[in-house]
Amino acid sequence: MRASKMNISTLREDPSEAEIASHRLLLRGGYLHKSGAGLYLYAPLLKRVLDKVARIVADEIASTGGLEIVMPILQEQALWEASGRWETYQASRTMLTVRDRGGMVFGLAPTAEEVVTDYAAHVVKSHKQLPVTFFQQHTKFRDEIRPRFGLMRVKEFIMMDAYSFHSSDESLDATYQAMRAAYDRAFRRLGLEAFAVEADSGAIGGSGSHEFMVAADVGEDTILYCPESGYAANVERAIGTVPAAANWDTAPAAPIITPTPGVGTIEQVVEYLRAHGHPSIMPAHLVKTVLFVAKTAAGSHSVAACVRGDRSLNEVKLTNALSRLLAAEGPILLLRPMQADEVRDATGADPGFAGPVKGLKVSRCLADRTLEGSTRMVTGANLTDHHILGFAIAHDAGVPVIFDDLVTIVPGDACPQSGNPLQGKRGIEVGHVFKLGTKYSQAMKAEFTGADQKLHPFVMGCYGIGTSRVVAAAVEQHHDADGICWPCAIAPYHCVVVPTKSGDAAVEQAAETIYRELAAQGIEAVIDDRDVKPGVKFKDWDLLGIPFRVVCGRGITEGLVEFKARCGAVENIPVSSAVATVVERVRAAIAG
RNA sequence: CGGACCGUAGCUCAGCUUGGCUAGAGCAUUGCGUUUGGGACGCAAGGGUCGCAGGUUCGAAUCCUGUCGGUCCGACCA
């Protein structure tokens, strides 16, 4: 490719809207054009990168036996009603819906379990056809509340999604493991350092799942991990042991209602009590009671959730715990904190004085297991300006309390496997694997005939890789002050040949020759034939992140050209060996 | 949806406090000339309903009200 024909449009300055490296550099390099909030046009160079990512991912999924298909982006409401997810996705407003001229309602595919399950039900009739995996790479839509970070979180994005169908859990396990291995190979080939962590199954549902994370400070997910045991989990999912609280030596042995005028928050209560006879009290000696409204298809429930005062409630865990309690009513459609007037109705007190004691009017009260054996705590009294001191939830609760794991694990909590302190870091989720079980096949009556001549619902798995997010993650992981440093396997071109003296016949001829020979060797090469100063060329290719560069310039009279890897040093090499050097280095880089 | 900030040329921004002549700069673009190893220089040119609507005023980019959009934080979220 000739640079003069590539419509290169780089920016010298950072666009003001871009905060993170990938967003900034992709915009500056002209890879991306913002078309609307959370909507991007993929420019020619980015299209090449996306194609390469898609190719590698497809290659690895196909190597596990996956069959590539293309599913429609518009999905009928009826299909989503059959799985029971229409309501969930409407309640969370994740799915964009559109209406055709006849008034028929469609969702814009946020994912495709329903469509593919419907397909499998029609074409897979026998256990002899199982297992089978279908996958696609296609545009997805999410009605993101707040698109941000360029390609990282957008309304419309490209994703590989795969769905496997099985006759047994064992078969699903085998494919799940094969898929995890395929992901590992794919990310290695893509030049990304990604690792699997335990994850919550979320709105997709199912019995087990792992996320593939790329470590990055700008990542939106928090990961807890243990170097000793290898345990790693998304914070939504992470379990661990919360260290015991320090002693509160002045705590009453039995509950006493105590005035705490005007102090509603944990910090205020602690400060107040410290000043009133309890100098050693800590937030960990308080019970934090958070009130929610949970909605299911059957109606609304008021819910109280208690955690130790120094810790945060994990709403994902709370949602999962409620799902188990309210399983008969179907999925939790919505979980939201109560507003002030609702809190007054539920507790008879102003916000800040709620507790799992007499006067609490909720349909379910849950508490974190950390509190289960706790004694001599402080809790709200459900009476404005009053708390109860010397409270033991197991004995003194005024409502039935269900204990479950509700606490958000933080670095320093003990690893569930080794007992050592967990560590924390941030990550970008680039892939996800789920064991769905029979959630969709049962709901949609997608069945096959087993060897026992009876009908069985498919056991299913689903697997996703965010193709466009992978590109952003790759830039986050591979850039420097000058620009992007693409891993060779996904770079838009492998090598650029830069003649630095326009009009110098010897230089131009050498560059043209090297360029043609590289192309003949299968190297994706660019020749920068633009009539601009050398400095402009160097800056552009550094920004664009082409992995290798051959400069034909002042050394040409001695028969030398410069060879440089994007993140390496300049080497002066003979013109005669330039092509062989590039070929060798590109092949080595792609092989990883 | 709550909080903070911001909308002026393709991009980055100044001007707004204290209303006033033809609305500015750098980068980018076009032409000519000089340049040619890390985003050159000179001369010239094009490009703006100052987000939109209403109001105050003799006069509004500037003040007021509303509205739309954006960025960040929070909430939310395969």
Side-chain angles (χ1 to χ4, degrees), chain A residues 8-20 23-24 27-28 30 33-34 36-39 85 88-89 91-95 109-113 140-150 152-155 157 159-163 199-206 209-213 218 220-221 234 236-237 292 315-316 319 334-337 339 429-436 462-466 469 481-483 498-504 507-508 528 530-544 549 551-556 561-562 564 570 572:
Chain A
I8 293 171
S9 59
T10 52
L11 295 172
R12 189 183 296 214
E13 286 170 284
D14 289 335
S16 60
E17 71 196 60
E19 293 280 314
I20 65 171
H23 191 194
R24 201 162 46 78
L27 282 174
R28 263 191 70 197
H33 169 75
K34 182 171 172 174
L39 302 170
R85 279 208 302 179
T88 318
Y89 273 69
S92 67
R93 300 201 291 185
T94 303
M95 187 159 55
T111 171
E113 282 78 10
K140 297 282 182 303
F141 293 87
R142 294 271 163 84
D143 196 357
E144 287 291 344
I145 297 170
R146 187 177 155 207
R148 59 183 138 176
F149 298 147
M152 207 67 84
R153 178 163 293 273
V154 288
K155 285 197 160 166
F157 56 98
M159 186 169 107
M160 185 291 297
D161 47 329
Y163 306 87
D200 182 71
S201 301
I204 300 285
S209 85
H210 287 82
E211 288 170 341
F212 279 74
M213 293 286 186
V218 298
E220 295 186 274
D221 288 284
N234 190 310
E236 294 178 346
R237 161 82 183 189
F292 290 90
E315 288 192 31
V316 172
T319 305
L334 180 72
L335 181 72
R336 63 165 178 83
Q339 289 161 5
E429 181 192 350
V430 288
H432 208 149
V433 293
F434 293 91
K435 289 183 187 176
L436 298 175
C462 82
Y463 318 88
I465 291 181
R469 189 182 273 183
D482 293 319
V498 180
T500 57
K501 292 183 180 174
S502 304
D504 181 316
V507 165
E508 287 189 352
D528 195 345
R530 296 176 299 168
D531 183 21
V532 295
K533 295 189 60 157
V536 175
K537 297 182 180 183
F538 296 149
K539 288 285 186 190
D540 272 348
W541 299 113
D542 284 350
L543 173 60
L544 293 170
R549 185 178 88 188
V551 178
C552 302
R554 56 193 171 200
I556 208 74
V561 294
E562 283 172 16
K564 182 179 178 301
V570 169
N572 285 295

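So that the names make sense, note that chain A is the first sequence line, chain B the second, and so on, each numbered from 1.
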Using the C1' atom on both, measure B/rU62 against B/rA75 and round to a whole Å. 36 Å
Over all strands shown, is A/Arg142 touching base, sugar-phosphate only, or nothing at heavy-atom distances under 4.0 angstrom? base
Lys/Arg-Asp/Glu bridge criterion (N-O < 4.0 Å) met for A/Asp200, A/Arg237: no
I'd like a list of close polar pairs between nucleotides 45-47 of chain B and the protein, N/O only, cut-off under 3.5 Å.
none

Provide the full list of salt bridge (charged side-chain N to carboxylate O under 4.0 Å, His left out) pairs with a residue in residues 532-541 of chain A, sequence neighbours left out, each pair given once. A/Arg530-A/Asp540
Is there a Watson-Crick or G-U wobble partner for B/rC50 with both distances under 3.5 Å, and which nucleotide is it? none
Please state the P separation for the pair B/rA25 and B/rA45 - nearest whole angstrom. 12 Å
Span that lies between the C1' atom of B/rU17 and that of B/rG69, in whole angstrom: 26 Å
Sorted by position of nearest nucleotide on RNA chain B, 5' first, the leading residue of A/Arg153 and A/Asp531 is A/Asp531
I need a per-nucleotide contact map over nucleotides 37-42 of chain B, read 5' to 3'. Cutoff is protein heavy atoms under 4.0 Å; write B for the base, S for backbone only, - otherwise. BBBB--
Quickly work out the A/Met95 CE to B/rC76 C1' distance and round it to whole Å. 17 Å
Got a sec, which residues hit salt bridge (charged side-chain N to carboxylate O under 4.0 Å, His left out) with A/Arg336, two or more places apart in sequence or on another chain? A/Glu342
Would you mind reporting whether A/Arg549 and A/Asp542 have side-chain heavy atoms less than 4.5 Å apart? yes
Could you check A/Val536, A/Thr10, A/Asp528, A/Val551 and say which one makes a side chain to side chain contact (heavy atoms under 4.5 Å, CB included) with A/Trp541? A/Asp528
B/rU57 and B/rG19, which share atom name P, separated by this distance in whole Å: 15 Å
Using the C1' atom in both, what is the distance from B/rC6 to B/rC52, to the nearest Å? 16 Å
Complementary nucleotide for B/rU18 - Watson-Crick or wobble, under 3.5 Å: none
Check every strand shown and say whether A/Glu236 touches a base, only sugar-phosphate, or nothing at a heavy-atom separation below 4.0 Å. nothing
Would you measure the distance from the C1' atom in B/rU22 across to the matching atom in B/rG48 and give it in whole Å? 13 Å
For A/His23, side-chain hydrogen bond (donor to acceptor under 3.5 Å, both in side chains) partners two or more places apart: A/Tyr40
Which residues pass the side-chain hydrogen bond (donor to acceptor under 3.5 Å, both in side chains) test with A/Thr94, not counting sequence neighbours? A/Ser92
Between B/rA25 (P) and A/Glu13 (CD): distance, integer Å: 16 Å
Residues which pass side-chain hydrogen bond (donor to acceptor under 3.5 Å, both in side chains) with A/Glu13, listed by chain and number, not counting sequence neighbours: none
Length of the CD-P vector between A/Glu429 and B/rC77, whole Å: 14 Å
Suppose we screen for salt bridge (charged side-chain N to carboxylate O under 4.0 Å, His left out). Which residues come up paired with A/Lys140, at least two apart in sequence or across chains? A/Asp161
Could you identify the nucleotide paired to B/rU29, looking across every strand shown and requiring Watson-Crick or G-U wobble geometry with both distances under 3.5 Å? B/rA45
Looking only at atom C1', what distance separates B/rG70 and B/rG54, rounded to whole Å? 23 Å
Which residues share a salt bridge (charged side-chain N to carboxylate O under 4.0 Å, His left out) with A/Asp504, sequence neighbours left out: none
Atom pairs under 3.5 Å: protein N/O with N/O of nucleotides 71-74 of chain B:
{"from": "B/rU71", "atom 1": "OP1", "to": "A/Lys34", "atom 2": "NZ", "distance (Å)": "3.3"}
{"from": "B/rC73", "atom 1": "OP2", "to": "A/Arg146", "atom 2": "NH2", "distance (Å)": "2.4"}

Residues at least two apart in sequence or cross-chain that pass salt bridge (charged side-chain N to carboxylate O under 4.0 Å, His left out) with A/Arg142, listed by chain then number, are none
Does B/rG59 pair with anything, Watson-Crick or G-U wobble, both distances under 3.5 Å, and if so, with which nucleotide? none
Once you round it to whole Å, what is the distance between P of B/rC76 and NZ of A/Lys155? 19 Å
Integer-rounded Å distance: B/rG69 C1' and A/Leu39 CG: 14 Å
Any strand is fair game: report the nucleotide pairing with B/rG69 by Watson-Crick or G-U wobble, both distances under 3.5 Å, or none. B/rC6
Work out which heavy atom in A/Thr500 is nearest to a heavy atom in A/Val507; give both atom names and the distance. N-CG1, 4.0 Å
Taking only residues two or more places apart in sequence, or in another chain, which ones meet A/Phe212 in a ring pair (Phe, Tyr, Trp, His ring centres under 6.0 Å)? A/Tyr183, A/Phe187
Give me the distance, rounded to whole Å, that separates B/rG7 from B/rU12 when you measure between the P atoms they each carry. 12 Å
Any strand counts, and the cut-off is 3.5 Å on both contacts for Watson-Crick or G-U wobble. Which nucleotide pairs with B/rU34? B/rA40
